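Order of the sequence lines sets the chain letters (A, B, ...), proteins ahead of strands, with each chain counted from 1. It should be emphasised that the depicted structure is a prediction, and the values quoted were computed from it without experimental measurement.
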Amino acid sequence: MKLFAAGKKWNKYFVAGLIMTGLAVLLGVLGLFWTPYSTTAMSAAERFAAPSLRHWFGTDNFGRDIFSRVMQGMSTTILISAAVVLISGAAGVLLGALTGYFGGVLDEAVMRVTDAVNGFPSILLALVMISILGNGRQNLILSLGIVFVPSYVRIVRGEYLRLRDADYIKRARLMGVGRFRILFVHILPNILPVFGVSVMIGLNNAILAESGMSYLGIGVQAPDASLGNMLSDAQGYLQAAPWYALAPGLVIVWIVLGFSLFGEGIRRQME
Amino acid sequence: MRYLGKKLITLIMTLFLVSAAAFLAFQIIPGDVVTSILGTEATPEREEQLREELGLNYPPVVRYFHWIADVLRGDLGVSYRYSKNMNEMMPVTELIGDKLPVTLWLAALSLLLIMAVSIPLGVLWAKSKSRFADMLLGVSTQAAMAVPAFFLGILVTYFFGIVLKLFAPGGYVSYKKDFWGFLGYLLFPALSIAIPKIAMTARFLRNAMLTEMNADYVRTAYGKGCSRRRVMYGHVLRNAMIPVITFLGMIIAEIVAGSIVIEQVFGLPGIGRLLISSVSTRDLPVVEILILYITFVVIFVYFLIDILYRVIDPRISEK
């Protein structure tokens with residue numbers, strides 16, 4: 001199960017995914033501190049400039065540099081998605097570990113709810129959460145965080161169920177190791193590769209959900225650039241400046257494709 | 001038959017629980033509805049009167065039963081935001097009435113496109129021995145699944161609307177005025193919903209067929225002297241379709257969700273767009289009804305698929 005044993009070749013999916021996501025995350029992190037142009041500086045002379053060496057992705061209806069705004073949008077999208085995955089992943093591990101290891105009534109109850117929630121489109125649940133909590137960045141993170149918990153619970157629970165009666169766990173129990181230690185020190189490291197794949201899928205879902213909600217105007221709000229709300233602004237200028245919509249859209253596709261290749265790479269690396 | 005009865009009871013129980021959850025979830029929201037309708041300047045008498053009118057004086061559980069009884073009688077309540085005129089509030093029924101056909105036609109057209117393209121594509125893909133075609137389909141379906149619905153909608157608008165000029169973006173035609181014009185416009189949003197699902201379904205069908213092709217009964221069929229054609233369509237496809245039908249159930253649930261986004265992209269006045277605007281203005285009676293409606297559709301589709309599943313695969317009922 002070693003992911004990177006000495007002499008083991010990295011597969012193509014893994015390398016391609018690593019490069020694509022690496023570049024995206026790098027640009028996103030850089031976008032937090034520095035962008036080639038100011039993301040808010042307007043310039044009437046340079047409205048709708050086509051992509052060029054000066055402005056790689058062209059400029060928008062206010063003459064703002066789209067590449068800079070895409071960088072800022074990437075950092076917004078990646079940060080929100082990472083926070084969402086952190087919340088839902090942590091809650092998912094906790095619930096999955098408890099239900100998978102101990103079983104019982106809690107397991108039954110949690111699985112019923114998980115089954116019910118998994119059947120529904122996530123955007124619908126996120127909409128319900130947003131209409132209860134209200135708009136805004138924190139609420140978006142919290143809503144999506146809650147909505148995605150069941151997807152992790154299912155996978156983590158399955159792994160704990162599988163390892164619950166493994167010989168080394170039985171031995172640990174005999175030696176008097178505490179439950180908490182068994183759950184998170186003995187079992188958890190062994191499910192990390194499987195959990196890693198679902199984190200990649202989860203990141204993708206979070207990115208798609210975040211940009212979708214921001215596109216609909218119920219996620220990240222106007223002065224802040226997010227890939228989703230840029231697309232919604234750009235839609236009105238499709239005729240005059242098609243690059244305005246293409247830039248954030250293709251970047252979303254790039255990131256999503258990168259994370260799916262990365263996840264596929266981890267899965268194949270385990271075999 | 002006993003199975004059907006059991007399933008029906010489960011269905012009713014689920015619908016009850018979901019509606020209760022949907023209703024009660026909206027009760028924990030902070031903020032007073034009456035103040036938000038009348039403003040802070042209203043007299044206490046007027047506030048009390050409206051509270052009475054909206055039935056807000058009862059505890060939540062009682063209000064749930066009032067609400068669900070009204071819904072069952074066809075009275076869906078009134079919108080907090082829209083009003084007919086100064087004195088009359090807008091009933092949700094009227095608000096939804098002419099928006100529902102748009103969404104239903106959009107969903108039907110998308111499903112039609114998905115089935116019409118993905119099934120032949122999946123079969124051809126499974127039959128094809130060309131490694132190049134396999135790679136091409138593999139990459140292009142992967143790419144199609146990575147494109148988010150709203151961006152796909154924008155791409156479709158750009159290529160079919162602006163470059164090829166096959167339709168006028170934003171020029172929605174009402175189904176009341178010109179039904180064929182309406183369907184013609186709807187074709188493009190339906191295409192945007194369908195493309196990723198076509199990719200998913202074709203991949204799924206192809207994998208199901210490849211698995212079935214290795215089954216013993218296929219060798220037996222060839223041994224009996226069946227033609228390749230007969231084995232593929234009469235045996236393999238029939239068996240491979242069983243998991244695909246369950247998959248299509250999930251797809252229908254996702255079409256409903258997809259239409260929420262796509263209606264916004266193409267400016268279609270359907271219930272998805274109403275849901276989004278009601279969520280952003282916090283028009284809760286409308287949100288409640290729409291959520292209830294969509295979840296009912298999803299639950300009912302799963303129910304139908306469950307029944308259908310048993311009809312086409314008698315092995316399941318024997319267990």
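Under the 4.5 Å side-chain criterion, counting only non-hydrogen atoms from C-beta, I252(A) is not in contact with F151(B).
We find the CD1-CD distance between I123(A) and E254(B) to be 11.0 Å, quoted to the nearest 0.5 Å. Rounded to the nearest 0.5 angstrom, M213(A) CE and I276(B) CD1 are separated by 7.5 Å. To the nearest 0.5 Å, atom CE of residue M145(B) and atom CG of residue N204(A) are 11.0 Å apart. Taken from CG in L124(A) to CG in L290(B), the straight-line distance is 9.5 Å, to the nearest 0.5 Å. Remark: L231(A) CG to I154(B) CD1 distance equals 4.5 Å, nearest 0.5 Å.
Contact annotation for L152(B): neither backbone nor side-chain heavy atoms come within less than 4.5 Å of a heavy atom of chain A. Looking at I207(A), neither its backbone nor its side chain comes within 4.5 Å of chain B, counting heavy atoms on both sides. Residue T295(B) touches chain A through both its backbone and its side chain, counting heavy-atom pairs closer than 4.5 Å. Residue contact with chain B, scored on non-hydrogen atoms closer than 4.5 Å, involves the backbone and the side chain of L246(A) alike. In this structure, chain B has a heavy atom under 4.5 Å from the side chain of I218(A), while its backbone stays farther away. Contacts of L17(B) with chain A are absent, with no heavy-atom separation under 4.5 Å from either backbone or side chain. Interface residue V287(B): only side-chain heavy atoms are found under 4.5 Å from chain A. Contact annotation for I291(B): only side-chain heavy atoms (C-beta onward) come within less than 4.5 Å of a heavy atom of chain A. S211(A) touches chain B through backbone and side chain together, each having a heavy atom under 4.5 Å away.
Sparse packing is recorded around CZ of F300(B), with 12 or fewer heavy atoms of other residues, nucleotides or ligands lying under 6.0 Å away. The number of heavy atoms from other shown groups lying within 6.0 Å of OH (Y302(B)) is above 12.
Between L238(A) and Y158(B), the closest heavy-atom pair is O-CE1, 3.7 Å.
Between the Q235(A) side chain and the V265(B) main chain, a donor and an acceptor come within less than 3.5 Å of each other.
Among I255(A), L257(A), L216(A), the residue making the largest number of heavy-atom pairs under 4.5 Å with chain B is L216(A).
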